[in-house]
Amino acid sequence: MYTDKMRLDQVLKNLLSNAFKFSPKGKVNLTISYNLQEDMISFSVVDTGIGIPKDKQALVFEAFQQADGSTKRKYGGTGLGLSISKEI
């Protein structure tokens with residue numbers, strides 16, 4: 001498998017950072033799967049945090065956007081992590 005280690009690290013760190021930031025209690029689970037037929041590795045991050053409403057899920061992948069403006073004050077951040085991860 002060939003990949004850009006730095007970019008893969010950046011995406012996983014962004015996803016895990018958000019999962020931990022918005023899950024002060026509960027669980028964060030990282031699953032790594034390999035599909036032999038497609039020769040593909042997939043990563044999944046699942047948490048028990050505050051969640052993202054369905055109508056805001058696309059929004060959080062846009063630069064400088066967050067699901068709720070009040071979360072920016074409470075949790076900090078610029079709203080760039082997921083948009084950068086999407087582009088990578």
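In this text, all values refer to a predicted model and were calculated from it rather than measured experimentally. Numbering of residues begins at 1 and proceeds along the displayed sequence.
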Inter-residue atom distance [X].[atom1] - [Y].[atom2], 0.5 Å rounding:
{"X": "R7", "Y": "L12", "atom1": "CZ", "atom2": "CG", "result": "13.5 Å"}
{"X": "S17", "Y": "Q10", "atom1": "OG", "atom2": "CD", "result": "11.5 Å"}
{"X": "Y34", "Y": "D39", "atom1": "OH", "atom2": "CG", "result": "3.5 Å"}
{"X": "K25", "Y": "S23", "atom1": "NZ", "atom2": "OG", "result": "12.5 Å"}

Report yes or no: do I32 and M6 belong to one cluster of Ile/Leu/Val/Met/Phe/Trp/Tyr joined by side chain heavy-atom distances under 4.5 Å?
->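 Per the 4.5 Å side-chain linkage, I32 and M6 are not co-clustered.
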
Evaluate the side-chain proximity of N18 to N14: yes if any heavy-atom separation is below 4.5 Å, no if none is.
-> no

Contact check, side chains of L8 and F43, non-hydrogen atoms, under 4.5 Å = yes

Apply the test side-chain contact (heavy atoms from CB on, under 4.5 Å) to residues L16 and V45: give CA-CA distance (whole Å), side-chain angles for both, the deciding distance (0.1 Å), then the verdict.
-> CA-CA 7 Å; L16 289 167; V45 177; 4.0 Å; yes

Which heavy atom of S44 sits nearest a heavy atom of V46, and at what distance?
->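 That would be OG-CG2, 3.7 Å.
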
Within the distance-only criterion (no hydrogens, no angle test), does the side chain of T48 pair as donor or acceptor with the backbone N or O of K27 below 3.5 angstrom?
->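 Such a contact is found between T48 side chain and K27 backbone.
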
